[in-house]
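Before any comments, here is the structure.
Everything numeric here is computed off the predicted structure, so don't read it as measured data. In the text below, chain A, chain B and the rest are named by the order of the sequence lines, each starting its count at 1.
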Amino acid sequence: MIMGMIRGDEYRERLQRVKPEIYYLGEKIESVATHPAFLPHVNAVALTYDMAWAPEFEELLTTKSHLTGEKINIFTHIHHSTADLVQKVKALRALGQQTGSCFARCVGHDALNAIYSVTYDMDQKNGTEYHQRFLNFLKEVQAKDLFISGAMTDPKGDRSLSPSEQADPDQYLHVVEKRRDGIVVRGAKAHITGAVNALGHLVMPTTSMKEADADFAVCFYVPVDAPGLIHIFGRQTNDERKCGCLIDQGNVEYGIVGGEALVVFDDVFVPWEHVFMCGEYDFVFELVERFATAHRQNYGGCKVGLSDALIGATYALAEVQGTAKASHIRDKLVEMVHLAETLYCCSLACSCQGYALPAGNFMADPLLANVTKLNVTRHIYEIARLAQDIAGGILATLPSEIDWQDSRVGKYVDKYLKGVASVPAETRMRLLRLIEGMTCGTALVESMHGAGSPQAQKIMIMRRANWEHKKRLAQKLAKIRERPK
Amino acid sequence: MLSSKIQVSVKYCGSCNPLIDLAKLGNALKEALSQDNDLTLVPPESARIDIMLILCGCPRACGNKEEIRARAARSIVVAGETVDLVPTPEKDISAAIMKKLKSG
Ligand SMILES: Cc1cc2nc3c(=O)[nH]c(=O)nc-3n(C[C@H](O)[C@H](O)[C@H](O)COP(=O)(O)OP(=O)(O)OC[C@H]3O[C@@H](n4cnc5c(N)ncnc54)[C@H](O)[C@@H]3O)c2cc1C
C-alpha cells in the first residue's frame with residue numbers, strides 16, 4: 001500500500017461504509033456500491049484507481065505530490081508545469097478509451113486546482129487564512145486518494161436575475177447562518193457528476209457576483225453523508241436496461257454519463273476548517289473562470305478517448321455489415337478521426353500554453369481551453385451523426401436481447417440480423433447497442449452542457465480575444481493612423 | 001547474494017493512444033525473460049537495474065525520460081513500431097529486443 005494511492009476495491013469498501021441519503025425512482029437507496037443503477041458509475045471510478053497500479057498506465061495516472069513528495073493518483077494532484085497539464089489530458093484519453101463513459105473524477109480534481117490558487121489570492125489581498133486551511137484539506141485528500149465531486153452549478157431559477165434578486169433565494173446555494181464553529185448552508189447543486197458515489201462534495205459558487213450576492217459567495221467541502229444532504233439521482237436514457245439486461249446495455253460494465261444527481265442542502269452545517277470562501281464575492285469570477293478553464297481543458301482528452309471506442313465500434317460494425325470498403329464509409333470514418341483528433345489538438349494546445357498562477361500552480365490557457373470545449377459541443381455531435389449514418393436505421397429498431405433469446409422468435413432475430421455470413425448476429429447486436437448508448441440521448445447532452453453551455457465559452461472567448469491587438473494589426477497593414485481621442 | 005544475471009526492468013509510457021499493443025508486448029517479454037538463463041526481470045524501483053526497457057506506444061515516446069533512463073546503465077526504447085529508432089514491425093519487436101539484450 002502506498003500512502004496516497006488506493007485500489008478500486010478499497011474505494012468500493014469505502015462506499016459501503018458511508019451512508020448518504022440517496023433517492024432514485026421513488027426508492028431510498030441503501031447500497032450505492034451494489035445497486036445496478038449505480039454500479040456502472042462505481043465501476044468507472046474504481047478503474048481510475050486500478051489503472052494507476054497497472055504498469056502500462058502508471059506513468060499517466062500517477063505523479064508526485066508537491067506537498068509531500070509521495071506518489072499519488074493524478075486526480076489529487078495540483079499541476080505545477082505544462083507537462084502536468086499535458087499528462088492530465090493524456091490520462092483522460094486513456095481512461096475514456098477503457099471506460100467508454102465518463103469516469104467522474106476530473107470535476108473534483110479541477111475544483112481542487114481552482115480553489116488552491118484562489119484561496120492563495122484571497123489571503124494575499126485580505127490577510128485571511130483560507131489557503132493554509134485548504135492545504136490541510138488537500139493533504140488529507142491526497143493521503144486518502146479521496147474521490148470528491150465538484151459541485152458548482154446552482155439550479156439558478158430565473159436566469160435573467162442575479163442570485164440575490166431571485167424570488168426564491170435557495171435557487172442559489174447560500175449561507176443562512178454563521179456560527180462560532182462553522183456555517184449553515186441552504187440551496188442545491190444540480191447535475192453533479194458522481195455525486196452519489198463520491199465520498200464528499202467540493203462546493204463552489206456558479207456565477208460572478210456583486211456585493212449584494214455576498215451570502216452566495218461560498219466555497220466548502222462536505223462529506224457525502226452530512227446531515228441535511230439529500231441526493232436525487234437523475235434518470236438516463238434507457239436506464240431500465242441496467243436491471244436484468246446485458247447486451248441491450250451496450251457498454252456492459254460502465255455507464256453512458258457520469259451518474260448525475262440533484263444535491264439538496266437542507267441546512268447543512270460546515271465546520272470552518274472546511275470553508276474556503278465565505279463572502280468574498282469579488283473572487284468568485286476568478287474561481288469560476290479557473291475551474292471552468294481546468295474543466296474545459298479536459299474535454300479534448302476524455303471525449304476523444306470515448307470517440308476512439310465509438311470509432312472502433314463503427315468501423316467494426318461497417319465490417320460486419322459489409323460496407324467497410326465503400327469509399328464514402330471510409331471517408332466518414334476518416335472524418336470521425338479527424339474531428340476527434342482536432343479536439344485532442346485543442347486540449348494539448350491549451351495545456352502546452354498553460355502558465356503559472358501566483359500560488360505557483362499551473363492553469364491551461366483559458367482562451368484555448370474555451371475553444372476546446374466549444375468545439376466539443378459541435379464535433380462530438382458530428383462524430384455521433386456519422387456513426388449513426390454508418391450504423392443504419394437498425395440502431396433505432398433493433399429487437400431486444402430478450403427476443404433474441406426467445407425460443408419462438410429468437411431464430412428469426414438471429415437470421416435477419418446477420419450481416420456478413422462469417423459473423424454471428426450477436427456481434428452486430430452488441431456493436432449496435434454500444435453505438436446506441438454512446439450516441440443517443442443523455443450521452444450527447446454532456447458534450448453540450450457539461451463544463452458549461454456553448455454561450456459560456458463564447459463569453460470567455462469574447463473576454464480573452466485580444467481585440468485591440470487584432471485591430472492594431474489591421475490598422476498597421478492598411479496604414480490607418482489612429483486619430484488622437 | 002547479488003544475482004549474477006543481467007537485471008532487466010520494464011517501464012511503460014502510459015498508453016494514451018498506443019499504435020502497438022503494449023500489454024501484449026510486455027507479456028511476451030516477461031515470458032521470454034522468465035525462460036532465459038542470463039537475464040532476469042526486476043521491478044522498475046529496484047536498486048540495481050542493468051538494462052531498462054522503455055515501452056512506448058507511439059513515436060512521441062513519452063516514457064523516454066532522463067530520470068527513467070538514469071535508473072540503468074543502458075536502456076532500449078520501443079516507440080511504436082521502432083526499437084531504438086530502427087523501424088521494426090510489431091510482430092518482431094519482442095524478438096528484436098531479446099536479440100539486443102543478449103548482444104550485451
Ligand atoms: C452530464 C452533465 C454533467 C454535469 N456535471 C456537472 C458537475 O459535475 N458539476 C457541476 O457543477 N455541474 C455539472 N454539470 C452542469 C453544467 O455545467 C450545466 O449544465 C451548464 O453550466 C449549463 O447550465 P444549465 O444546465 O443550468 O443550463 P442553463 O444555464 O439553463 O442553459 C440553457 C440555455 O440557456 C442559456 N442561458 C442561461 N442563462 C442565460 C442568461 N442569463 N441569459 C441568456 N441565456 C442564458 C444558455 O446559454 C443555454 O443556451 C453537468 C451537466 C451535464 C449535462
Side-chain angles (χ1 to χ4, degrees), chain A residues 2 5 47-48 50-64 69-71 73-74 77 81-99 103 298 300-312 337 340-345 347-348 351-352, chain B residues 7-34 40-47 49 51-72 75-81 90 93-94 97:
Chain A
I2 298 176
M5 280 182 61
L47 198 71
T48 67
D50 286 334
M51 272 173 64
W53 291 88
E56 311 95 276
F57 298 108
E58 176 199 17
E59 195 64 16
L60 288 180
L61 286 177
T62 63
T63 189
K64 214 185 252 185
E70 299 265 358
K71 187 173 177 182
N73 189 296
I74 192 180
H77 184 51
S81 65
T82 55
D84 280 355
L85 295 169
V86 169
Q87 184 184 337
K88 174 174 80 158
V89 172
K90 293 186 173 184
L92 295 175
R93 183 170 185 171
L95 272 161
Q97 290 173 349
Q98 302 301 316
T99 58
F103 36 87
N298 298 347
C302 61
K303 293 287 174 274
V304 176
L306 267 65
S307 298
D308 288 329
L310 175 61
I311 294 166
V337 172
E341 298 297 346
T342 301
L343 297 177
Y344 193 48
C345 292
S347 272
L348 290 178
S351 307
C352 293
Chain B
Q7 307 212 139
V8 181
S9 190
V10 176
K11 188 83 183 123
Y12 294 86
C13 62
S15 317
C16 72
N17 195 24
L19 300 175
I20 57 174
D21 191 335
L22 289 177
K24 198 167 149 194
L25 175 61
N27 287 336
L29 288 167
K30 212 184 276 178
E31 177 69 23
L33 288 168
S34 71
T40 185
L41 188 66
V42 296
E45 305 79 34
S46 304
I49 299 171
I51 306 177
M52 183 63 98
L53 295 181
I54 304 174
L55 305 186
C56 308
C58 78
R60 173 65 186 79
C62 291
N64 188 11
K65 294 178 186 160
E66 181 56 41
E67 69 262 29
I68 292 174
R69 284 196 307 270
R71 292 189 209 170
S75 48
I76 298 174
V77 181
V78 172
E81 288 193 301
E90 183 171 4
I93 292 176
S94 173
I97 291 172

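Taking the side chain as every heavy atom from C-beta outward, A/Glu58 and A/Met51 never approach each other to under 4.5 Å. Looking only at side-chain heavy atoms (C-beta outward), A/Lys64 and A/Lys71 stay at 4.5 Å or farther from each other.
Taking OG of B/Ser15 as the reference point, atom CD of A/Gln98 lies at 8.5 Å (rounded to 0.5 Å). The OH atom of B/Tyr12 sits 13.0 Å away from atom CD1 of B/Ile54, with the distance rounded to the nearest 0.5 Å.
When heavy atoms are compared at a cutoff of 4.5 Å, A/Gln97 approaches chain B solely by way of its side chain, counted from C-beta outward. Only the side chain of B/Ile68 has a heavy atom closer than 4.5 Å to any heavy atom of chain A.
Between chain B and the options A/Ala94, A/Ala91, A/Gly301, heavy-atom pairs under 4.5 Å are most frequent for A/Ala94.
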